[in-house]
Amino acid sequence: MSTAALPTVHLAPGQAAWQRFRRHRLAFAGAVTIVVLVLGSAFGPYLLPFDDTFIDVMKRFAPPLSGAHILGTDELGRDVLARLMMGGRVSLSIGIVAMVIAMAVGILVGAFAGFYGGVLGAVLMRLVDAVLCFPTIFLLLALAALTEPGFVTITLLIAATAWMSVARVVEAQVRSLREREFAIAAVAFGSSNLRIMFRELVPNAMAPIVVAATLNVAKAILLESYVSYLGYGIQPPAASWGNMLNNAQIYLTSAPWLAIAPGIAITLAVTSFNFLGDGLRDALDPRMNIP
Amino acid sequence: MARYVANRLMQAVMLLVIVSALGFAILHLAPGGPLSQFAVSSQMTQEDLDRVTKQLGLDRPLPIQYLDWFGRMLRGDWGRSYRDGEAVLSVIGSHLGATLELMATATVIAILLGCWIGVLGAVRRYSLFDSLATVGAMIALSIPTFWFGLVTIYLFSVNLGWLPSGNRQTIGDGSLLDLLHHLIAPAMVLALVETAIWGRFMRSSMLEVINQDYIRTARAKGMPEWRILTLHALRNALLPMITVAGLQFPTLLGGALVTETVFTWPGMGRLFLDSIGYRDYPVVMGILMFSATMVLIGSLLADILYAVVDPRIRVG
Amino acid sequence: MADETGKFDVPALGNLTPGIPNRRHFMLLGASAAAGLTVPASAFAQTERPTNPPDKPRGQVIAALSQEPTVFHPLMPGIEVDQGVWWQIFSPLWFIDPDGNFVPDLAREVPTIENGGLSADGLTWKIRLRSDAKWHDGTAFTAEDVKFSLELVNNPDFRARNRVGHSLVKDIKVVAPDEIHWRMESPYSPYMSILSLTFMVPKHIQEKVSDPNNSPFHNAPVGTGPFRWGERVPGDHILLNAHTGYHGNGPYLERVVFKYIPDLTVLYTQFRTGQVDYTGLQGILPNFVQEAKTLRGRKIFVSSTASVEHVAPNLEFGPFVDRTVREALYLAINKKAIIDALNYGLPTQTESFVPQQAWSFQQGLPQHSYDPAKANALLDAAGWVRGAGGVREKGGAKLEFTNSTTSGNAVREQTQQLLIQDWRAIGAAMRVNNMPAAVIWGDFWQQSKFNSVLVSVNFMLGSDPDVTPRFGSGAIPAKGGRGFNTYQYQSPEADRLLAEGAKQFDLAQRKVIYGDLQKLVRKDLAVLPLFQGFIAEGVKDGLQGFRHNINTSSNCWNIREWYWT
């Protein structure tokens, strides 16, 4: 083999990351699925001839592909596909928005607690512990009981139950990274605390944070279905994947498509977010060796 | 170290007080009360309802009720359920066994299976096994537990008849085999999500560790791969898992609640749901304090363990 | 009074007794109407099949309940499933059978004026008791136990379920171990029915207890009923064993197990797969009934209850004040869709708040017709003009309101969806505001804080159609009244009819009066009635003896007569 040096291609870090990402096919598939779901939910209803709340009691429980309704009709004769899309709007939005809020709060709290340690750290982490003491369901139930159930409330409630685990993980990571060489070096260079926190430590803790973020969207979408199951979810006649699944329970044996459709939608969305997160994580880890 | 522990214990106590006050306030301020269920019946007139409200002490100002309850709790009297009049501790105790049985089984399955899948996936990254495991874990995490439970019942109980469709035992037959037979389905359903969680975190943590310099150095030094894995990688990868473990109790309880509902499992999750529904305040507060105590102990142990294992962390 | 088929299902107090004339009428006129004076203790009279119960108790029955019985002291506040257990462990002085006859249980005979049990003015009661009844621990049942039970109810420290009627009992005298006398402060006819649901507790155990609200008895009760306490696994089941020394007929089962299955779908599944023998409360969901009827080895009973499912408007709330609006809303409801589609044709349509099997039921009330065109015309004529978004307005107020029901009740939620659509067609905007049972039946319902509620209520007071607590203007809790008039219905004519009916003793006259009341309430549309309540229960083939009884507080009232062939 010739020992002549092979031309090396110098890729900018961003381009290298993009290449790694694309190589991660599952993540790509996940991203594509999410885009499809989002677009479908956003624009789909305009393309369908059926309204998602139109009740036609005579046409209840039409199986999929039996007539004009591609996915059949539900217990009140409403078009399942239309409800699926409208429900998608609701469930996806709740998932994403709740995650963003939870992440923001969690990272802030965790970073400050992990970095400063001491009294501030202890107080913050004890606060996290205090809220973590409440079983999620208790928090959701109790808070839901004091407020009117609805889109905004549920989003906030779900965010309120999700930020703690993020904070904990961030705090632990920051706390251990704080002692590492580069952090100490940054201090020696005289960087400000905030700078160190958010430019050195947190990005190095990014991997578990990213995993947490994507799991949080998934969790948020799932929590929405649980909240609906407990009766505090999105109120009828509005559709959400969660309340569609809930309503389909008692018809599992007689009209299984009513449960299969939202179940698959939830699974697809959640799985896609998870794959996406995995891909992002791989792409963002600067010290990874690509085989 | 001892000072640190003492410190944390004191903080824990303070925390419990705050948790109890917050919980008490939220519960009592929420609309509705334990007598609503009777209000809709014909059996009790408004006078009867007022009389019973007074007899239960629910007409007193909230701070007084709280102090009374708190004082009694310190003396070991956690109150009595509004529904069956049993002491709260005994009510919790009678349901605890069922939940612990379920949670323990599910956790053991989840840790063993999850860690194994996670480590293997990290080591053999992008292999068929890893891809399948990843996809499998994703799907497991994405399915709503109650839906999965219902499908399981439908498939294995109604259609195939292999497994019972709920409850902890066949009435009259309390043999071990019968108990196990009833435990399979709910434990598997609960373990499904847990396995996926453990697997994901384990894989992620393992990947982090594997790509560290010291691992590469060890490899370069010629250390056999399995020794690298177990001695260096695994040990370091398990560290963040301690934090994860500390977080699992309330999550597990929440998951158990849904599983218990679907499989009619007579555990604490079910008790909690019923008690909140009936506004059985003493029992709800009891469960809250109990789980808060468990969580605090768990997190304290997790932190101590973490500090012991990672010498770079200084406690206090 | 109220019987809500929701999460908290509770029976009416001494339900309906068709054919039973008013007690007051009976006492004052001395007529011995169909009162079941000396019906033999065996109430086996009218089963369809020839009955061959075994000589010795055999086998067990697993009864599934979707709520957990937790109260085992029969004089304390309890819900319907608790009553189911009380019927096995305890006995009342007498009970009412499915045909409306009073049947003596612990009493030797039901007191009447003829047999001297009641004085002509209804104030003195003399009751002769059985001498062969035994408590589960072997002690003999005596009149002392009756005295103790009644006094316990009136004990100010005791958390009694209700004192209605009992508070009028004075001067209880134990004349002999098997005879007891007392004096009523004022004649009160429903007391006969109230006593049919009052179980006796043992004096020799309870008198020694320091706190009557809490004692070992509460979780290991001792009664005179056909079954004795076995064990309870909280959250799971309650096991009862046969009491071989039972004074009545039966029991023919060795064991009864009440199994708690909170989810109705799972309850049906367990019935289907044979893990339970009888589906009690809340029965089989309507969408499973058709399939259930085709199951081999199972028998399904669909029976009416005394409740009426209706839309309860808050008559002081904005648009509902106007009677025309209520009429228009009623016309726009597609009742047929609700009954046939959502409830699978199981319930019957009704126009009255009185159950159709009651003696006081008024025939020939104006029938509902589904006529949205007429509704629109009515509203147009009344000045309700369509505004933005098709919602009608009048005088600045919009025809919009909320409707609430217990969250999690699938069929009710579907009904609400249908109502939204039906009412949108006439320009009324309805919004759903559901909440869990513990919240909705609190102040929200009692203090009339709702706009409208979808609810099922038993309006009767025992067998009596005296609905003063429901429709009397003095019975509005939100206005400080004593009663359940949460609709805030105020009508001088209704008040007049109610007062007259309560004083009237002639049965025929009362029928006319309450008939007029039903016509008035229907005309005023104080409530929008949908259909009469129903319950679908399943029993395994081979299990004989099940009889639905609208007059007792539970369909588990006669498990002592059940047996396996």
| said: What verdict does the side-chain contact (heavy atoms from CB on, under 4.5 Å) test give for Y278(B) and Q67(C), after you've listed the backbone C-alpha separation in whole Å, the side-chain angles of each residue and the deciding distance to 0.1 Å? | reply: CA-CA 11 Å; Y278(B) 287 108; Q67(C) 285 163 257; 3.3 Å; yes
| task | Could you walk me through whether Q446(C) and L49(B) pass side-chain contact (heavy atoms from CB on, under 4.5 Å), step by step? | result | CA-CA 11 Å; Q446(C) 289 172 69; L49(B) 289 169; 3.9 Å; yes
| said: Does V439(C) form a side-chain contact (heavy atoms from CB on, under 4.5 Å) with R279(B)? I'd like the steps, not just the answer. | reply: CA-CA 9 Å; V439(C) 179; R279(B) 299 286 196 265; 3.0 Å; yes
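Within 6.0 Å of atom CE in M188(B), 12 or fewer heavy atoms from other residues, nucleotides or ligands are found, so the atom counts as exposed in its surroundings. With a 6.0 Å radius and a threshold of 12 heavy atoms from other residues, nucleotides or ligands, R72(B) has its CZ atom at or below the threshold. Around atom NZ of K479(C), more than 12 heavy atoms belonging to other residues, nucleotides or ligands sit under 6.0 Å away. For CG of L177(B), the number of neighbouring non-hydrogen atoms (other residues, nucleotides, ligands) closer than 6.0 Å is 12 at most.
Judged purely by atom type and a 3.5 angstrom limit, Q55(B) has no side-chain atom pairing as donor or acceptor with the backbone of A160(C). The main-chain N or O of D84(B) is found under 3.5 Å from a side-chain atom of N219(C) such that the two form a donor-acceptor pair.
Neither the backbone nor the side chain of P69(C) comes within contact range of chain B; no heavy atom of the residue lies under 4.5 Å from a heavy atom of that chain. For a residue to count as touching a neighbouring chain, one of its non-hydrogen atoms must lie under 4.5 Å from one of that chain's; by this rule V71(C) touches chain B with backbone and side chain alike. No part of F444(C) comes within reach of chain B, as not one of its non-hydrogen atoms sits under 4.5 angstrom from that chain. With a 4.5 Å cut-off on non-hydrogen atoms, N213(C) does not touch chain B at all. For chain C, the nearby parts of P164(B) are the backbone and the side chain; heavy atoms of each come within less than 4.5 Å.
Closest approach of P234(C) to S94(B), counting heavy atoms only: CG-OG, 3.5 Å. Closest non-hydrogen pair, Y260(C) versus D274(B), comes out as OH-OD2, 2.6 Å. Nearest heavy atoms, T264(B) versus I261(C): CG2-CA, 3.8 Å. Considering all non-hydrogen atoms of both residues, N214(C) and G85(B) come closest at OD1-O, 3.6 Å. Contact detail for A437(C) and S36(B): the closest heavy-atom pair is O-CB, 4.2 Å.
Among the candidates R159(C), Q275(C), H73(C), the residue making the largest number of heavy-atom pairs closer than 4.5 Å to chain B is R159(C). Interface check for chain B: of the options R255(C), K259(C), Q60(C), H218(C), the most heavy-atom pairs under 4.5 Å are formed by K259(C).
Taken from CD in E68(C) to CZ in R270(B), the straight-line distance is 9.0 Å, to the nearest 0.5 Å. Atom CZ of R163(C) is separated from atom CZ of R51(B) by 4.0 Å, given to the nearest 0.5 angstrom.
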